[in-house]
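Here is the naming used below: chain letters follow the sequence lines, and residue numbers restart at 1 for every chain.
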Protein chains: 2
Amino acid sequence: MAIPKGRENKRNGTCVTSIDVAALAGVSQAAVSRAFTPGAPIAADTRKRILEAAQKLKYVPNSIASSLTTRRTNMVAVILGNMNNPFYMKVFKCLAARLQAQGRQILTFTVDTGASSDDALMRVLRYQVDGIILTSAQLSTRMTALCHERGIPLVLLNRYVPSAETPSVCSDNSGGGRMIAEAFLRAGARRFAVVKGDPFGTTSQDRLSGFLAGLFEAGITRNHILELEGNAVYEGARNAVFQAFRDGNQPVPDAIFGINDAMAMGVMDALRGMLNICVPEDVMVAGFDDIEEGARWPYRLTTVRQPVETMVDKAIALLKLDTKPGAVDTGICIDHKIPCQLIWRDTVRLTEQN
Amino acid sequence: MAIPKGRENKRNGTCVTSIDVAALAGVSQAAVSRAFTPGAPIAADTRKRILEAAQKLKYVPNSIASSLTTRRTNMVAVILGNMNNPFYMKVFKCLAARLQAQGRQILTFTVDTGASSDDALMRVLRYQVDGIILTSAQLSTRMTALCHERGIPLVLLNRYVPSAETPSVCSDNSGGGRMIAEAFLRAGARRFAVVKGDPFGTTSQDRLSGFLAGLFEAGITRNHILELEGNAVYEGARNAVFQAFRDGNQPVPDAIFGINDAMAMGVMDALRGMLNICVPEDVMVAGFDDIEEGARWPYRLTTVRQPVETMVDKAIALLKLDTKPGAVDTGICIDHKIPCQLIWRDTVRLTEQN
DNA sequence: TTGAAAGCGCTAACAA
DNA sequence: TTGTTAGCGCTTTCAA
């Protein structure tokens with residue numbers, strides 16, 4: 001007898017377990033486990049018999065139970081900040097596709113923009129996820145430390161913690177900011193505005209500093225660069241631009257850089273829809289990210305493309321999900337310079353001489 | 001001695017368990033469990049002592065382990081279809097906010113548009129989720145049956161299975177379609193086009209049938225209604241409209257109904273950006289859903305608002321997550337008539353006489 | 001290749 | 001209010 005007396009499944013019908021399958025197939029419960037484990041030592045015909053029994057009973061293995069012993073849940077937590085920005089939805093979609101293709105489940109957490117992800121992270125820890133990917137949200141060093149101690153890999157996507165040793169992947173934001181500066185300059189702009197995003201995000205800061213550096217090198221002075229706060233969202237940028245230039249408050253610059261595409265679209269809508277200013281004829285506009293919406297009519301936004309797939313793949317790779325749970329940490333890996341690409345569209349007009 | 005000999009935590013440092021905490025606090029392991037269970041019978045000072053010990057050891061309870069006995073994971077699966085439609089992102093955001101507020105985790109699955117969600121569902125089952133919410137994706141009756149047998153509540157959001165007894169929540173799509181028809185008629189339109197969405201989705205079908213019914217009642221005949229396939233996405237609608245009316249292929253109607261806002265925006269971009277046709281002067285346009293993007297300049301889309309919060313709340317309520325796992329099913333509950341609201345904006349122009 | 005048995009970290013019934 | 005004990009459904013040694 002494969003299933004010894006006293007070890008039968010005692011529940012009244014609900015929830016078929018491996019014991020039920022074992023009983024039907026006339027094998028031990030361990031054999032059922034092996035039948036569902038690729039590469040386990042089990043005879044082909046035994047497995048076949050077990051699988052048939054399982055099918056008959058509509059048995060579905062309980063991953064939760066197995067993860068108790070294997071110490072792997074095959075769940076990856078994704079913590080999402082600014083869901084209003086289509087770029088992060090693009091990232092999420094890509095993340096989901098890749099992770100699902102690997103047979104991993106995604107435990108999703110959304111965090112209000114600017115809010116700390118600490119409590120989300122705390123809940124994540126209870127669920128024994130195999131790894132955590134955090135995009136667009138703040139987190140405390142206490143939390144990164146906690147993850148590290150517990151051996152849960154954490155990687156930041158599209159942001160980093162300066163001076164801290166948390167793995168992270170970012171594109172070359174400052175280089176991208178510089179590209180925009182150069183494009184504007186080549187197109188003949190001399191007075192500028194920039195609409196900034198999350199004041200605590202490294203991404204926004206780096207794009208800004210690259211942009212400014214490019215401008216300064218061309219001899220543009222600070223008083224020719226207006227800085228506006230857009231808070232990383234469409235409405236923020238639209239309102240900031242409208243407030244800044246309504247009623248001829250101040251002179252409209254030659255070019256405006258929206259630190260991300262969503263904001264650049266807000267900039268354009270404020271300009272064209274509220275202030276009656278033409279883009280690119282009166283003012284040039286550029287964004288950053290290359291979201292689909294920005295490529296459409298009537299935006300046709302000149303922007304810097306972030307290689308989402310590459311970034312996502314690198315982030316997942318940094319999780320090192322396939323190494324053993326207790327494996328030693330082979331050093332920090334931070335990739336902050338994934339190359340970006342300038343996408344010329346219609347909102348920056350090149351002068352003839354170019 | 002609270003922790004008996006032979007029952008100590010035998011792992012070498014990794015992973016603090018309730019046994020470690022119990023040992024430090026000088027209580028039984030069960031006491032630790034109680035300390036972390038709200039409402040459990042435990043003295044206040046005992047709990048306090050345990051919590052301190054836990055803090056010292058940085059203990060985090062293992063939800064996976066507890067769910068093995070409680071038969072509740074506090075995880076809800078959300079299966080997402082068309083992520084390209086901002087409406088579903090809005091739904092997802094709302095779902096996430098509500099579920100997280102209840103202390104539940106979200107296991108997310110994305111499914112390609114039109115693809116079956118059966119394998120996603122199969123994976124969900126392994127994870128013993130407490131409930132499943134499915135938006136915008138196909139699923140087989142085999143799967144709904146499987147969920148039902150296993151006692152896992154499943155609710156469809158924004159679609160339903162005709163003739164099947166799967167709980168679902170939808171707004172009054174056909175009533176909304178009718179509202180659009182009436183708005184167009186009041187504005188003086190006599191020739192129409194409609195861009196259809198997912199051919200297998202009840203939502204698209206109902207909106208269409210409501211729209212047609214409204215038109216027929218006003219005496220409009222079928223030959224004055226052009227049907228186009230937009231496949232529920234922006235690009236599909238844009239291309240369909242462009243193909244239909246390029247080079248004066250056929251006469252442009254007075255009004256075009258995009259079965260959802262994303263498509264209506266595609267319609268407008270094709271009209272204005274590719275065909276040089278003015279909206280609403282030459283052609284009126286209306287959508288459905290009321291996504292933020294459609295409310296912006298230059299769209300200002302007239303549309304039907306789906307009450308997302310209400311729908312999400314009802315969907316979650318239908319899951320009946322707070323009833324006992326084995327509780328008897330108190331009948332099917334389907335809510336297909338959550339009222340919608342017509343939102344007048346600029347793409348449908350009312351005539352003077354109104 | 002198989003089965004028996006010992007857990008994984010926790011909850012819950014029971015007794016004290 | 002507490003501790004003891006028996007599992008939850010599975011994986012994984014260890015022998016056979």
From CD of B:Gln128 over to P of D:dG9, roughly how many Å is that when rounded to an integer?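 It is 9 Å, rounded to the nearest whole Å.
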Close side-chain approach of A:Met143 and A:Leu154, heavy atoms under 4.5 Å: no
Does the side chain of B:Thr17 get closer than 4.0 angstrom to OP1 or OP2 of C:dG9 through an N or O atom? no
Please name all residues satisfying side-chain hydrogen bond (donor to acceptor under 3.5 Å, both in side chains) with A:Asn84, sequence neighbours left out, ordered by chain then number. B:Lys93
For B:Asn62, which residues count as a side-chain hydrogen bond (donor to acceptor under 3.5 Å, both in side chains) partner, sequence neighbours excluded? none
Which nucleotide in the list C:dT2, C:dG9, D:dT1 gets nearest to the side chain of A:Thr46?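 The answer is C:dT2, which lies nearest to the side chain.
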Nucleotide by nucleotide, 5' to 3', does protein get under 4.0 Å of the base (B), only the sugar-phosphate (S), or neither (-) in nucleotides 11-16 of chain D, counting heavy atoms? BBB---
So what does A:Ser63 touch, heavy atoms closer than 4.0 Å: a base, only the sugar-phosphate, or nothing? nothing
Partner set under ring pair (Phe, Tyr, Trp, His ring centres under 6.0 Å) for A:Phe92, not counting sequence neighbours: B:Phe92
Residues two or more places apart in sequence or in another chain: which of them pass salt bridge (Lys or Arg N to Asp or Glu O under 4.0 Å) with A:Lys90? none
The criterion is salt bridge (Lys or Arg N to Asp or Glu O under 4.0 Å); which residues satisfy it with B:Arg98, sequence neighbours excluded?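 For B:Arg98 the salt bridge (Lys or Arg N to Asp or Glu O under 4.0 Å) partners, ignoring immediate neighbours, are B:Asp313.
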How large an angle, rounded to 10°, do the end axes of the helix from C:dT1-D:dA16 to C:dA16-D:dT1 enclose when each is built from five base pairs?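 For the helix from C:dT1-D:dA16 to C:dA16-D:dT1, the axes at either end differ by 30°.
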Non-neighbouring partners of B:Ser18 that pass side-chain contact (heavy atoms from CB on, under 4.5 Å), sequence neighbours left out: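 side-chain contact (heavy atoms from CB on, under 4.5 Å) list for B:Ser18, sorted by chain: B:Gln29, B:Val32, B:Tyr59.
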Donor-acceptor pairs are to be reported for all side-chain atoms of residues 33-42 of chain A against protein atoms at under 3.5 Å, with residues two or more places apart or in another chain.
from, atom 1, to, atom 2, distance (Å)
A:Thr37, OG1, A:Ser33, O, 2.8

